[in-house]
Amino acid sequence: MPVEHRVAARGRLRARVVGVVAGRVSVPGMGQEGEGGASGRGRCVGWPALDERRGPLQASLGTLGQWLQPGMADSAQAQKLVYLVTGGCGFLGEHVVRMLLQREPRLGELRVFDRHLGPWLEELKTGPVRVTAIQGDVTEAHEVAAAVAGAHVVIHTAGLVDVFGRASPETIHEVNVQGTRNVIEACVQTGTRFLVYTSSMEVVGPNTKGHPFYRGNEDTLYEAVHRHPYPCSKALAERLVLEANGREVHGGLPLVTCALRPTGIYGEGHQIMRDFYRQGLRLGGWLFRAIPASVEHGRVYVGNVAWMHVLAARELERRAALMGGQVYFCYDGSPYKSYEDFNMEFLGPCGLQLVGARPLLPYWLLVFLAALNALLQWLLRPLVLYAPLLNPYTLAVANTTFTVSTDKAQRHFGYEPLFSWEDSRTRTILWVQAAGSSAQ
Ligand SMILES: NC(=O)C1=CN([C@@H]2O[C@H](COP(=O)(O)OP(=O)(O)OC[C@H]3O[C@@H](n4cnc5c(N)ncnc54)[C@H](O)[C@@H]3O)[C@@H](O)[C@H]2O)C=CC1
Ligand SMILES: C[C@@H](CO)CCC[C@@H](C)[C@H]1CC[C@H]2[C@@H]3[C@H](O)CC4=CC(=O)CC[C@]4(C)[C@H]3CC[C@]12C
C-alpha cells in the first residue's frame with residue numbers, strides 16, 4: 001500500500017503526495033536511497049532539492065533551465081527525464097500515463113497529479129520507471145508548484161469537463177483557467193521548459209450560431225463565439241498557454257508550449273459511452289435517433305490522443321521553433337459520422353439498436369425538451385442536482401457538424417495514429433462489453 005504523507009516543497013509549498021516507486025513504496029523524505037531529506041532551509045521536506053532531484057547526470061549539467069543542450073539529444077543516458085501529467089487519473093490522463101510508460105524511452109520519473117488518485121496507479125509500481133502519485137488541486141498554486149518543481153516536461157490535461165451544469169461557471173473557470181495559469185507560473189518559477197496543454201475542439205466550435213465546421217483544419221476561418229462556461233474556459237486557458245510560449249523561465253531559457261485540441265474522445269474509460277450503453281440496456285436494447293445522420297461529429301480514439309501528447313511532448317525541445325505556440329487538432333482514422341451513428345459502431349456489436357433512419361422527434365420538440373431540462377435544473381438546484389445529458393448546449397453541439405481534416409501534427413512532429421480505426425473500434429467494444437456486464 002502506498003504511504004500517504006504531507007510534504008513541504010521549497011518554502012511553504014505543500015502538496016499531498018502518495019509516493020509509488022517502481023517495485024516499492026517510496027516515502028520521500030524518509031531517508032530512502034535517492035530521496036531528499038527534510039530541510040528547514042525552505043527546501044522540500046520529502047522532495048529532493050532541485051539540483052539533487054535531477055539525478056547525478058542531470059545535476060552535472062548546471063541550472064535547471066540548461067538541462068537539455070543541443071547535441072545532447074542523442075545521449076540516452078543523459079536523457080532520463082521527469083514528466084508531470086496533471087489530471088493523470090482521468091479518462092485521457094490515464095491513457096497518457098500508460099502511453100508514456102510504454103513509449104517514452106527517456107522517462108526517468110513520472111509524476112501523476114490529480115485531485116482524485118486512481119487505485120490502478122498501484123499496479124504501475126512494478127515497472128522500471130519511478131511513478132510518483134501526487135494528490136493535489138490545480139487551483140492551489142503552491143500544490144502545483146511543488147509538483148512541477150524539477151519536472152522537465154508538463155502535460156497539463158487536468159480539467160473540469162462539464163457541459164451538463166453539474167459545476168458552477170465559477171468553478172469551471174477556476175479549475176480550467178486559474179488552474180492552467182498556476183501550471184504556467186509554476187513552470188516559469190521552477191525552470192520547467194516544456195508544456196503541452198490539452199485544449200479542445202470546443203475552443204473553436206461549434207459556435208453559438210450553429211455554423212458547421214466541415215472537415216476544417218487549424219487555419220480554417222471560423223467565427224468562434226462561445227457563451228457556455230466550458231468552451232469559454234478552454235478558450236481562455238488555451239490562449240494563456242499559447243501566450244506563455246517564449247516566456248523566460250527560471251534559469252533564463254524560454255518556455256515552449258503547444259496546445260492539442262481533441263474532438264470528441266472515445267475509447268476505454270469513456271463514461272458517456274458507458275451511460276448510453278446502460279441506458280440502451282434499460283430500454284430493452286433500443287436507443288432512439290435524435291440527431292440527423294447527416295450531421296458529422298468529429299471523434300478521435302483516446303489512445304491516439306494520448307500518443308499525440310507523448311509525441312508532442314517529446315518533440316517540443318527539438319522542434320521548439322516550429323511547434324512553440326502552435327495548436328494541433330487531434331485526429332486519426334475514425335470515420336466521419338453523426339454522434340449517435342458513431343456510438344453505434346460500438347454499441348451495435350454490444351447488442352443495442354438505434355431506432356429510426358431519421359430523428360424520431362421533430363427538432364423543435366428536442367429544443368423544447370432541452371429548454372425544459374434547463375429550467376428544471378434551475379428550479380431544482382436548491383434541492384437536488386438535475387443534470388441530464390440533453391440540454392440546449394449539448395443539443396446544439398450534437399446537432400452541428402464539426403469535423404476536422406488536417407495533417408499538421410504529422411508535418412510538425414511526425415504524428416501518425418498508433419491505433420487503426422479497426423483496433424480502436426475493437427478495443428472500445430471490448431471495454432463497453434466489460435463495463436456493461438460489470439454494471440449488471
Ligand atoms: N472527453 C472529451 O471528449 C474531451 C476532453 N478534452 C479535454 O481533455 C482533458 C481531459 O478530459 P477527460 O479525460 O475527458 O476528463 P476527466 O474528467 O476524465 O479527467 C480530468 C481529470 O482532471 C482531474 N481534475 C479535475 N479538476 C482538478 C483539479 N482541480 N485539480 C487536479 N485535478 C483535477 C480529474 O480528477 C480527472 O481525473 C480535459 O482538459 C478536457 O477539457 C478535450 C476534448 C475532448
Ligand atoms: C442529443 C442527445 C441525443 O442522443 C445526444 C447528446 C450527446 C451529447 C451529450 C454529446 C454530443 C457531443 C458531445 C461533446 C463533443 O464531443 C465535444 C466535447 C469536447 C470536450 O472538450 C468535452 C466534451 C464535449 C463537450 C462532448 C460532451 C458530450 C456531448 C455534448
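When a residue number appears, it is its place in the shown sequence, counting from 1. Atoms within each ligand, like the ligands themselves, are counted from 1 in listed order.
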Give every pair made of an N or O atom of ligand 2 and a protein N or O atom lying under 3.5 Å apart, one pair per line with both atom names and the distance to 0.1 Å, or write 'none'.
from	atom 1	to	atom 2	distance (Å)
ligand 2	4 (O)	Glu340	OE2	2.9
ligand 2	16 (O)	His297	NE2	2.8
ligand 2	21 (O)	Ser200	OG	2.7
ligand 2	21 (O)	Tyr230	OH	2.7

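Using a cutoff of 4.0 Å between basic side-chain nitrogens and carboxylate oxygens, Glu296 and Arg215 are scored as salt-bridged. Under 4.0 Å is where a charged nitrogen must lie from a carboxylate oxygen, and between Glu315 and Arg318 at least one such pair does.
Scored by the ring pair (Phe, Tyr, Trp, His ring centres under 6.0 Å) test, His270 finds Phe91 as partners (sequence neighbours excluded).
Among all heavy-atom pairs drawn from Glu143 and Gly136, the shortest one is OE1-CA, 3.2 Å.
Using modelled atom types, no side-chain atom of His173 and backbone atom of Pro229 make a donor-acceptor pair closer than 3.5 Å. Within the 3.5 Å criterion, the main-chain N or O of Asp332 finds no donor-acceptor partner in the side chain of Asn304.
For ligand 1, the protein residues placed under 4.0 Å by at least one non-hydrogen atom are Gly87, Cys89, Gly90, Phe91, Leu92, Asp114, Arg115, His116, Gly136, Asp137, Val138, Thr157, Ala158, Gly159, Val161, Val175, Thr198, Ser199, Ser200, Tyr230, Lys234, Pro262, Thr263, Gly264, Ile265.
Between His297 and Phe342, the ring center distance fails the sub-6.0 Å criterion.
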For residues 388-396, dump all side-chain donor-acceptor pairs below 3.5 Å to protein atoms at least two apart in sequence or in another chain.
from	atom 1	to	atom 2	distance (Å)
Asn391	OD1	Tyr393	N	2.8
Asn391	OD1	Thr394	N	2.7
Asn391	OD1	Thr394	OG1	3.4
Asn391	ND2	Val163	O	2.9
Tyr393	OH	Glu202	OE1	2.1
Thr394	OG1	Leu389	O	2.6
Thr394	OG1	Asn391	N	2.9
Thr394	OG1	Asn391	O	3.2

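Counting heavy atoms from C-beta outward, Tyr331 and Tyr415 have side chains that approach closer than 4.5 Å.
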